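Notes for the one structure printed next.
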Amino acid sequence: MADEVKLYAVAGSPFVCRAKIALNIKGIKYENLEQDLRNKSAELIKYNPVHKKVPVLVHNGNAISESLVIVEYIDDVWKGVPILPQDPYEKAVARFWAKFIDDKCIPAIFKAFPQGNEQTDAEALEQLQILENELKVKGTKFFGGDNINLVDIAAGFIAYWLGVIQEAAGKELVTKEKFPKLTVWADDFVNFEVVKEVLPPRENLLGFFKKRFGKA
Amino acid sequence: MVEELVFVNFWSSPFGCRVKIALEEKGIPYDYKEEDLFNKTSFLSEINPVYNKVPVLVHNGKSICESLNIIEYIDEAWSDRSPSFLPSDPYQRSQARFWADFIDKELYEASKKIYRCKGEEQESGKKELLRILKLVEGELGNKPFFGGDNLGFVDISLIPFYSRFYTWETFGKFSIEEECPNLMAWAKRCSQKESVAKSLVDPIKIYDFIFYLNKYLTK
């Protein structure tokens, strides 16, 4: 039986992009259903009644929501290139860092831009420094080693969206000097084949954030 | 190789309680170390440098942090011991993760508003809490447990908060039994399990502690 895979998406969403990267890693064909979040479709509400958000993956009629849950699902269903390590401890470490990015890094970044203050800036820098140190300690190209894993995918926001946000806000908080490891990692990540193929165009994101920050 | 397993916790933590239930369910022997959250040791900051929080599980010198993460780790590292907390079917597994994540993100925060705030904020906390509990109750449906016939990932994630029902009801002046009768029945069913009965903290102790903590925090 042919698999039916649909992704309820919004092109510019970093969370949707996580699902797209995961699907691309496994080479899965899917139907991309672009959503208008200001006018949510009945289908989106049906498939994600709790949060009514994207991304939602619908696989043979079964709906899965929350980007990290979706990525783990994709790894569970489709074999091939692994997204999570096999070893239970390494898996726990990967899940820990992915959650850290969601719970601490991303919210801190949103608080610090477009304006923020001394406190929000310090908080964002502190969380990112923890990630920078982790990369330094690992000493590998990606959090996943030679290949990207769950953590790299979760951190995609930092690799791609953060730069756009900084430019749109006209505020450079995260610099190459302060975060040498993350800077190199970010460049490697956005140029990694399966990622490059699904990243939304930068100009579109820039336009979106400039408008959102009232700087268009 | 001799297994070395240390479970680091604070007695009132619902997150730590999850881990205790998981260890008891699988019958895994462990050493227990109580951390005083008002006087944290340097040991805690060594094993959990990012958050400096409990619970932490230290297995043969390697530390695993964040309670849901720890439960999945226990399930995988001791996959030879039953029961399994997560279903084998990937879709069912994703649903279990979704609901545990939902409980994690929303329940504790909403509940804090009930006993830390007054007036409008407390009311909104109460409304939010009931919304969450009703959604979760809907997910349970007619099943005896979220995990089906046995305790699963979602059951373990949620049941520790049963110890806090009394606190929420007393501060918020409402009855969970009235609002969510099926969920209450589920909670009572869970507490008949030995692993849960052994691990749940006495609700009065929790109430007294939270009452004391409120005073301490507002000094």
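On a predicted model such as this, the values are computed, not experimentally measured, just so you know. In what follows, chains carry the letters A, B, and so on, assigned in the order in which the sequence lines appear, proteins first and then strands, with residues in each chain numbered from 1.
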Checklist entry - For Lys62(B) and Val93(A), what are the C-alpha separation, side-chain angles and deciding distance, and is it a side chain to side chain contact (heavy atoms under 4.5 Å, CB included)? => result CA-CA 10 Å; Lys62(B) 291 179 170 167; Val93(A) 171; over 6 Å; no
Checklist entry - Could you walk me through whether Arg95(A) and Glu76(B) pass the salt bridge (Lys or Arg N to Asp or Glu O under 4.0 Å) check? => result CA-CA 13 Å; Arg95(A) 286 177 178 144; Glu76(B) 283 155 14; 3.4 Å; yes
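The choice from Leu68(B), Asp101(B), Val50(B) that makes the most heavy-atom pairs within less than 4.5 Å of chain A is Val50(B). Ranked by heavy-atom pairs shorter than 4.5 Å toward chain A, the options Arg93(B), Lys105(B), Glu66(B) are led by Arg93(B).
Within a 6.0 Å sphere centred on NZ of Lys143(B), other residues, nucleotides and ligands contribute more than 12 heavy atoms. Within 6.0 Å of the NZ atom in Lys33(B), the count of heavy atoms belonging to other residues, nucleotides or ligands exceeds 12. Residue Lys112(B) places its NZ atom among more than 12 non-hydrogen atoms of other residues, nucleotides or ligands, all under 6.0 Å distant. Heavy-atom contacts from other residues, nucleotides or ligands closer than 6.0 Å to CG of Asp146(A) number 12 or fewer. The 12-atom threshold is exceeded at NZ of Lys126(B), counting heavy atoms of other residues, nucleotides or ligands nearer than 6.0 Å. Environment of NZ in Lys91(A): crowded, with over 12 heavy atoms of neighbouring residues, nucleotides or ligands closer than 6.0 Å. Other residues, nucleotides and ligands contribute over 12 non-hydrogen atoms within 6.0 Å of the NZ atom of Lys178(A).
Contacts between Trp78(A) and chain B at a heavy-atom distance below 4.5 Å are absent for every atom of the residue. For Ile130(A), the part sitting under 4.5 Å from any heavy atom of chain B is the side chain, from C-beta outward, and nothing else. Only the side chain of Glu106(B) comes within contact range of chain A, with heavy atoms under 4.5 Å apart. For Trp99(B), the part lying near chain A is the side chain, with the backbone staying farther off; criterion is any non-hydrogen pair under 4.5 Å. Contact of Ser79(B) with chain A is not made at all, since no heavy-atom distance falls under 4.5 Å.
Between Phe96(A) and Tyr51(B), the distance from one ring center to the other falls under 6.0 angstrom.
Using a 4.5 Å heavy-atom threshold, the side chains of Arg97(B) and Leu68(A) count as separate. Side-chain contact check for Phe102(B) versus His51(A): some heavy-atom pair is nearer than 4.5 Å.
Residues Ala63(A) and Gln95(B) share a closest heavy-atom pair of O-NE2, 3.3 Å. The two residues Arg131(B) and Val50(A) make their nearest non-hydrogen contact at NH1-O, 4.4 Å. Contact detail for Val69(A) and Ser94(B): the closest heavy-atom pair is CG1-O, 3.4 Å. Minimum heavy-atom separation, Ala92(A) to Tyr73(B): CB-CD1, 4.2 Å.
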